[in-house]
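Remember, it's a predicted structure, so these values are computed and weren't measured experimentally. Each chain gets a letter, A, B and so on, in the order the sequences are listed, and its residues count up from 1.
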Amino acid sequence: QSVLTQPPSVSGAPGQTVTISCTGSSSNIGAGFDVHWYQHSPGAAPKLLIYANNHRASGVPDRFSASKSDTSATLAISGLQAEDEAEYYCHSYASSLPGYVFGTGTKVTVL
Amino acid sequence: QVHLVQSGAEVRKPGASVKVSCKASGYTFTSYGITWLRQAPGQGLEWMGWISGYKGNTYSAQKFRDRLTVTVDTSTTTSYMELRSLTSDDTAVYYCARGGVIPSTRNWFDPWGQGTLVTVSS
C-alpha cells in the first residue's frame with residue numbers, strides 16, 4: 001500500500017546521529033510535493049515533527065532536521081536520546097492515486 | 001491548546017458499519033479541515049479521507065470512496081467517520097487529524113486524535 005519506502009529500522013547509541021531515508025518517485029516527492037515527518041511512539045498519537053520538507057513543528061528540538069532532494073527525503077536525529085525511540089513516518093502527496101501517502105515506517109532504537 | 005478527542009473502541013461483525021467521532025477544541029473549527037487515517041496491526045499509516053470544517057466538502061481515497069462517509073457538525077466542532085461493509089481487513093486503529101481547510105497537496109496533519117481501535121470479528 002505504501003508508495004514511499006523507508007528502512008525498517010535504524011539504531012544508534014545515545015548522542016549519535018541517525019538518518020532515515022524516504023524514497024519515492026516522480027509522481028510524489030519527485031513531482032515537487034512537500035514531505036512531512038511524524039514520530040509515533042507506542043500507545044500515543046502520531047506527532048508532527050517536520051512540515052514542508054525542512055520546517056520543525058512547534059516545540060520540536062533542533063536535534064531533528066530534514067531535507068529533500070529529487071525523489072527522496074531524509075530525516076536526521078542528532079544527539080540521539082532514549083526518548084527518541086519510536087516509529088517515524090514520512091508523508092507526501094501522490095498525483096498517481098491521487099491522495100496523501102505515507103512511508104513504510106522506520107523504527108528507531110537507542111542502544 | 002488544540003485537542004482532538006476521539007470516541008472509544010468498537011467491535012463489529014463483518015458486514016456491519018462503524019461510526020467514529022472526533023471532537024475538536026482549542027482552535028477555529030471552520031478555518032481547518034479534518035483528515036481521517038488508519039493503521040492496521042503491523043502496518044503503516046493509510047490516508048482515508050478529508051473534510052472541510054468550513055463547507056463540509058469532502059475528498060476521499062479511491063479505495064474507500066464507495067463505503068466511507070465523513071461529516072462535520074460545526075455546532076459541536078465534531079467530525080464523524082462512518083465506514084460500511086466492514087471486513088476483518090478493516091480492523092485497525094483509526095485516527096483523525098487536523099489539516100488544511102482545502103485539500104491542498106501541501107497539507108500536513110497536526111495534531112492527531114488519540115486513536116480509536118475498531119475490531120471486526122465474527
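Contact tally against chain A (heavy-atom pairs below 4.5 Å) for N107(B), D110(B), T35(B), L4(B): the top residue is N107(B).
Put simply, the side chain of Y59(B) reaches to within 4.5 Å of the side chain of P98(A), judged on heavy atoms.
Considering OH of Y89(A) and CG of L37(B), their distance stands at 11.5 Å, rounded to 0.5 Å. A distance of 9.0 Å separates CH2 in W47(B) from NE2 in H91(A), rounded to the nearest 0.5 Å. The CG atom of L49(A) sits 14.0 Å away from the CH2 atom of W108(B) when rounded to the nearest 0.5 Å.
For Y100(A) and W50(B), the ring centers sit 6.0 Å or farther from each other.
V2(B) and Y32(B) fall within a single hydrophobic cluster, where Ile, Leu, Val, Met, Phe, Trp and Tyr side chains are chained together by heavy-atom contacts under 4.5 Å. Residues Y54(B) and I51(B) are members of separate hydrophobic clusters, defined by side-chain heavy-atom contacts under 4.5 angstrom among Ile, Leu, Val, Met, Phe, Trp and Tyr. Residues F102(A) and W36(B) fall into different hydrophobic clusters, defined by Ile, Leu, Val, Met, Phe, Trp and Tyr side chains chained together at heavy-atom separations under 4.5 Å. The same ILVMFWY cluster, assembled from side-chain heavy atoms under 4.5 Å apart, contains both L68(B) and V20(B).
Closest of all the heavy-atom pairs between F109(B) and Y38(A) is N-OH, 2.9 Å. Nearest heavy atoms, H40(A) versus Q39(B): CE1-OE1, 3.1 Å. A45(A) and G113(B) make their closest contact through CB-O, 3.0 Å (heavy atoms, listed as atom of the first residue, atom of the second, distance).
Other residues, nucleotides and ligands place more than 12 heavy atoms under 6.0 Å from the OH atom of Y27(B). For E83(A), the CD atom counts as densely surrounded, since its 6.0 Å shell holds more than 12 non-hydrogen atoms of other residues, nucleotides or ligands. Around atom CZ of R106(B), no more than 12 heavy atoms belonging to other residues, nucleotides or ligands sit under 6.0 Å away. Residue D70(A) places its CG atom among 12 or fewer non-hydrogen atoms of other residues, nucleotides or ligands, all under 6.0 Å distant.
Proximity to chain B (any heavy atom under 4.5 Å) is shown, for A57(A), by neither the backbone nor the side chain. Residue Q43(B) touches chain A through its backbone alone, counting heavy-atom pairs closer than 4.5 Å. Only the backbone of Q114(B) comes within contact range of chain A, judged by heavy atoms closer than 4.5 Å.
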